[in-house]
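Numbers restart at 1 for each chain; the letters A, B, ... are given by sequence-line order, proteins then strands.
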Protein chains: 4
Amino acid sequence: MKKATKYSFHDDDSEGEALAQTNMSQHSGYGDDDFCVDARQAIQRLIGANNATVCFVAGSTGANLLAIASHLRPHEAIIATELGHIVGKEGGAVEATGHKILVERGVEGKLTPEQIQSAVDRSSEFAWQPKARMVFISNTTEVGTVYNKSEFEAIAAICKRLSLLLLMDGARLGAALTSAKNDMTLKDIYDLTDTFWIGGTKNGALLGEAIVIKDPAFGADFPYHMKQRGMLLAKGRVLGIQFSTLLQDNLYFRLARHSNNAAAEMSTALVRMGYDMWMRTDSNQVFVIFPPALVQVLAKDFDFFVWKYLSDTALVVRLVTSWATDLSKVERLCSIVGEGSERT
Amino acid sequence: MKKATKYSFHDDDSEGEALAQTNMSQHSGYGDDDFCVDARQAIQRLIGANNATVCFVAGSTGANLLAIASHLRPHEAIIATELGHIVGKEGGAVEATGHKILVERGVEGKLTPEQIQSAVDRSSEFAWQPKARMVFISNTTEVGTVYNKSEFEAIAAICKRLSLLLLMDGARLGAALTSAKNDMTLKDIYDLTDTFWIGGTKNGALLGEAIVIKDPAFGADFPYHMKQRGMLLAKGRVLGIQFSTLLQDNLYFRLARHSNNAAAEMSTALVRMGYDMWMRTDSNQVFVIFPPALVQVLAKDFDFFVWKYLSDTALVVRLVTSWATDLSKVERLCSIVGEGSERT
Amino acid sequence: MKKATKYSFHDDDSEGEALAQTNMSQHSGYGDDDFCVDARQAIQRLIGANNATVCFVAGSTGANLLAIASHLRPHEAIIATELGHIVGKEGGAVEATGHKILVERGVEGKLTPEQIQSAVDRSSEFAWQPKARMVFISNTTEVGTVYNKSEFEAIAAICKRLSLLLLMDGARLGAALTSAKNDMTLKDIYDLTDTFWIGGTKNGALLGEAIVIKDPAFGADFPYHMKQRGMLLAKGRVLGIQFSTLLQDNLYFRLARHSNNAAAEMSTALVRMGYDMWMRTDSNQVFVIFPPALVQVLAKDFDFFVWKYLSDTALVVRLVTSWATDLSKVERLCSIVGEGSERT
Amino acid sequence: MKKATKYSFHDDDSEGEALAQTNMSQHSGYGDDDFCVDARQAIQRLIGANNATVCFVAGSTGANLLAIASHLRPHEAIIATELGHIVGKEGGAVEATGHKILVERGVEGKLTPEQIQSAVDRSSEFAWQPKARMVFISNTTEVGTVYNKSEFEAIAAICKRLSLLLLMDGARLGAALTSAKNDMTLKDIYDLTDTFWIGGTKNGALLGEAIVIKDPAFGADFPYHMKQRGMLLAKGRVLGIQFSTLLQDNLYFRLARHSNNAAAEMSTALVRMGYDMWMRTDSNQVFVIFPPALVQVLAKDFDFFVWKYLSDTALVVRLVTSWATDLSKVERLCSIVGEGSERT
């Protein structure tokens with residue numbers, strides 16, 4: 001699957017498209033076009049590992065199910081917090097590949113070494129449970145918190161000690177690495193995990209996540225897994241283009257920093273107005289406690305999740321900013337909240 | 001998942017992208033944006049069924065595995081010809097969802113009612129085999145032949161009689177419906193199948209196939225299947241845009257007709273030069289028998305599959321034209337073949 | 001698969017065995033021998049349904065995974081309490097068939113209609129979760145409690161209202177139906193569930209559970225499922241013999257009653273000695289709170305589970321009686337407890 | 001899971017049964033009772049490997065699906081002949097675990113090194129096919145032929161060279177090792193395969209197959225697989241008893257030899273009467289070509305498979321003898337054939 005220099009009658013996948021910026025020149029497919037190669041090399045440079053496997057897939061559920069199903073034998077299970085994206089947000093995709101998730105409570109969305117130990121203990125005495133073999137964490141977590149390096153190292157250490165693979169979901173990795181709380185680099189992430197992925201969809205890409213695999217034994221066969229799960233795009237350059245663009249001139253991190261700044265601004269303003277945060281704002285997700293009446297008012301102009309019912313007078317609302325968030329909209333939300341507060 | 005008229009802090013999927021033509025306005029995701037709605041309605045008009053379920057997925061292996069796994073109970077099997085795309089070209093994707101393919105010989109790439117009956121007979125006496133419950137055909141077939149209406153009706157009739165669901169892979173449906181051999185409409189396809197899909201990837205789209213499901217019982221839950229298999233794109237409009245464009249002004253069929261014409265031209269020229277066709281050229285795939293020396297010469301300038309070894313002096317070569325095939329390249333290939341013939 | 005009256009050269013499965021009481025006469029296999037037919041008819045009489053499907057499998061994990069995987073489409077999920085056998089005691093068998101378990105808290109091991117409603121609500125708004133489609137209960141529950149008829153009817157009613165299938169694990173159904181708390185018959189169980197199974201292994205059989213399926217659409221194909229999961233024994237009579245024996249002269253219920261009586265005796269004695277029960281003793285499982293020192297003493301002579309750590313001075317111990325429990329051993333255990341109590 | 005010397009209140013699985021010869025003493029379950037330990041050690045002595053993993057399961061489909069699913073990663077496939085038991089007789093059990101079978105033609109039921117090479121070649125160039133990783137053979141084969149040592153060694157050698165695991169289905173291993181064609185020992189089988197199983201069901205046991213696994217990495221986790229697939233019997237001694245009995249005093253091989261002798265006698269007589277064999281009689285299966293009229297006559301008194309239709313005047317009939325075949329019945333069959341022949 002080399003770069004096409006010859007005219008191709010190889011397949012009807014080989015040719016262009018009505019909408020793309022790629023011109024009528026012919027590209028080889030399935031993830032080995034020039035764009036994918038560029039993006040792959042950019043990532044390899046950032047993590048300091050020329051031989052790491054880097055594959056691109058269209059979405060985050062796919063990234064997780066591929067990484068998990070390809071790494072585990074059938075009787076093996078994966079440990080996650082109850083807020084883990086694979087637990088409650090991916091339609092049972094992990095179970096659909098045959099694997100159980102061993103759920104731990106988590107602390108502010110983070111998994112702790114003690115919880116990992118506990119899950120292993122519970123699955124070790126006999127085959128009542130499938131055998132714990134992998135740990136799933138997200139950075140940022142599903143509630144926007146960020147692992148610092150010492151927390152991350154502690155998890156990596158217990159995984160090593162217990163022969164567990166460590167997988168990191170990086171749907172919001174840009175937000176994590178540009179958070180004020182962060183003290184890690186992309187290279188640190190690579191060094192401390194077995195496999196992780198860099199989210200494009202939530203940080204400026206139309207679609208696409210980049211999976212990074214350290215162990216060549218897993219990496220070599222990964223395209224077989226992708227094909228088998230229907231995730232090897234014929235025109236892989238669609239994904240490569242997203243990442244090669246995002247990784248130029250630090251664009252990926254600049255976009256993420258914008259999200260974080262917008263969230264920080266919103267969070268600060270809401271706290272100043274006297275609202276309690278349900279979770280501290282480490283990155284681009286603001287979890288604020290609002291009275292139901294205010295939620296109703298905001299719902300007229302804004303789209304957001306009501307995350308959790310606390311009481312009849314208190315709802316947790318999740319407000320997510322993005323790389324494209326218009327700061328004037330943040331101000332407008334805050335001013336509506338301000339007016340709403342006065343009325344009540 | 002309605003059209004977004006409100007400003008969204010719903011998720012970081014909700015916003016734009018560096019590369020797309022869609023602007024910074026916010027779209028609801030997961031296949032309910034304006035583009036998907038437009039494309040869905042265009043297809044519903046073409047098949048004359050406002051209530052048909054139409055979903056968009058990124059690629060053809062995904063379209064097949066979703067359609068099959070969502071329609072079958074675990075002990076049920078699907079019948080296909082040995083050339084069927086699901087049999088040898090999709091990485092074991094159907095088996096990975098737990099289903100066996102009952103393989104029949106086929107005739108010129110087509111399945112016959114007799115073969116369907118035979119497969120059912122073989123799987124009915126006892127549970128030695130999983131129970132046949134679905135039939136898989138491709139139009140055009142994997143060797144470029146086209147079903148005519150009476151062949152298609154005969155298959156649909158035996159499926160009805162034996163309580164089998166009929167699935168049609170339309171990766172090259174454009175080429176089929178614009179073939180000189182064709183006497184069917186898209187509405188006929190809809191009326192005679194249970195589920196089929198319209199291929200975008202092989203006919204001008206960057207990515208995308210449109211799955212059309214007749215039975216509302218299957219249709220209603222289909223997004224659950226898509227999510228569970230990692231195939232529900234957060235920014236579904238990426239797919240909707242492709243199809244809404246392709247379905248304007250008959251573009252989809254104009255592109256396909258171009259492919260077919262290029263193939264016909266090539267085929268006619270090669271026959272005129274004395275080469276035998278391994279399969280007649282009904283659509284955009286030319287299967288020609290060449291001596292190995294000529295294959296070597298052509299391989300310097302063109303990219304193609306050597307489909308089959310017949311003997312030491314005869315190889316079957318597959319030449320595929322596409323919507324973007326430059327006719328001057330067809331002429332050049334033919335002229336190189338001509339020179340090669342003279343030399344030998 | 002009729003009764004063998006002819007001499008068979010059909011297969012080498014067809015003939016006898018070194019150890020069994022069945023003689024050298026030849027039996028047809030795969031669950032249609034005379035013993036299976038007898039046992040099937042005995043069950044059909046007890047539930048008042050001649051047309052119910054009754055199949056025999058070797059063990060309880062198999063019974064559950066078959067019942068669940070055969071009834072659900074791939075994107076569907078099953079609701080259970082956190083103590084449910086399928087949740088933590090079956091090695092991830094349900095997940096290995098691709099289905100997620102939606103876990104609810106339970107009350108004394110029982111699922112409530114409110115919890116069922118809550119699980120459905122959580123899985124309905126979008127495909128974040130697989131779709132709830134089945135409810136799993138055990139009677140007796142995993143902590144030995146017994147559903148009464150009004151509780152059972154309430155669950156059946158909400159299942160009907162929400163289009164959920166109801167599956168009952170009857171590993172200890174004998175103990176349930178002979179409990180002092182019970183006000184149901186086997187016929188009631190049949191009428192109120194979609195599918196349930198009668199446990200043999202835990203009530204006198206060497207191996208074997210009898211699965212009872214109401215809907216003929218599920219029943220007709222069940223042997224295909226059994227075969228596909230490796231659970232259709234060639235010599236099905238091994239299972240039929242167990243059940244035809246157990247169902248003669250009410251043996252099944254007499255054995256269960258013995259277990260319950262032994263447990264009641266033990267429970268009463270322990271309470272009299274001043275020990276707290278962690279769960280009331282409705283059937284053949286005694287959950288008692290002991291100090292660790294006493295647990296150590298008992299462990300010298302008896303085998304049992306330490307179910308739960310409550311505090312450094314209190315452990316929950318599970319003592320299970322069976323159809324074969326020697327009452328003198330119950331007395332001995334109680335007398336050792338008595339001595340242990342005096343010493344402390 | 002040690003031997004029970006204490007009185008057990010551990011579980012209600014722990015106690016006896018109405019039908020078995022094991023008395024009311026309590027046995028530890030799940031394959032670690034005395035009988036399983038005895039049988040395991042007997043097998044380890046026969047293969048000269050004290051550290052081989054030996055596990056007992058109830059039936060042959062289960063043995064195959066466990067061995068295959070536990071050894072393969074999801075994208076890996078298994079090679080078998082088109083007559084392979086897993087291909088057409090196990091209800092799609094292998095596919096139900098997610099794996100594709102790459103089917104080769106076979107020669108007299110045997111796989112050849114050339115066919116293995118060819119299957120690997122076809123699955124190697126790209127992820128069109130899942131990756132070949134295991135080879136499945138049966139000895140005796142499904143048509144009663146027997147591998148000799150040099151054939152077996154050639155297969156083992158190419159497996160080693162191509163990094164393929166070798167699995168042998170020994171449903172009729174007794175018949176193979178006592179065949180006149182055999183020049184192998186059980187130890188040879190162990191040395192040349194990665195995993196194989198010894199069939200009990202078809203050679204005197206009520207139920208049970210013994211799986212032998214060489215690589216400790218696979219062996220260590222095997223009980224997790226068994227549990228997860230519902231194949232870890234609570235009262236594992238049911239299986240252990242069968243094998244410990246069969247392996248005493250060479251009983252297993254004496255029974256098998258009887259089957260082979262009965263078949264040889266039948267085969268010789270039929271050939272003498274002028275009937276053609278469709279396959280030579282190496283073991284306990286006789287494949288003879290009969291006219292339809294004779295088949296009808298025999299069907300009145302005997303049960304057998306019509307294996308294959310050759311022409312309107314010739315059917316292949318399969319006659320299987322077993323360890324329990326009464327030789328007078330063989331004579332009676334032959335005499336009916338003799339009379340039938342005279343009449344026609």
Tell me every residue that passes side-chain hydrogen bond (donor to acceptor under 3.5 Å, both in side chains) with B:S179, counting only those two or more places apart in sequence or in another chain. none

From A:L207 atom CG to B:R237 atom CZ, the distance as rounded to the nearest 0.5 Å: 10.0 Å

CG of B:L206 to CG of A:L206, rounded to nearest 0.5 Å, is 9.5 Å

Select one option (side chain, backbone, both, neither) describing which atoms of A:V94 are under 4.5 Å from chain B's heavy atoms. neither

Holding to salt bridge (charged side-chain N to carboxylate O under 4.0 Å, His left out), I want the full list of residues that pass it with A:D221, two or more places apart in sequence or in another chain. D:R73, D:K131

Mind checking which of residues 258-266 of chain B sit less than 4.5 Å from chain A, heavy atom to heavy atom? B:M266

Applying side-chain hydrogen bond (donor to acceptor under 3.5 Å, both in side chains), name anything that partners A:S60, two or more places apart in sequence or on another chain. none

Side chain, backbone, both or neither: which part of A:L319 has a heavy atom under 4.5 Å from chain B? both

Using non-hydrogen atoms and a 4.5 Å limit, figure out which bit of A:L333 sits close to chain B: side chain, backbone, both or neither. side chain

Testing the 3.5 Å rule here: is there a donor-acceptor pair between the side chains of B:K235 and A:T201? no

Smallest separation among heavy atoms of A:T61 and B:G230, with atom names: CG2-CA, 3.7 Å

Between atom OG1 of B:T97 and atom CD of A:Q228, what is the distance when rounded to the nearest 0.5 Å? 9.5 Å

Would you say A:Q248 has more than 12 foreign heavy atoms packed within less than 6.0 Å of its CD? yes

Which one wins on heavy-atom pair count under 4.5 Å against chain B: A:G98, A:A96, A:G59, A:G200? A:A96

Just so I understand: if I count every heavy-atom pair under 4.5 Å between each of B:R229, B:M226, B:M231, B:K329 and chain A, which residue has the most? B:K329

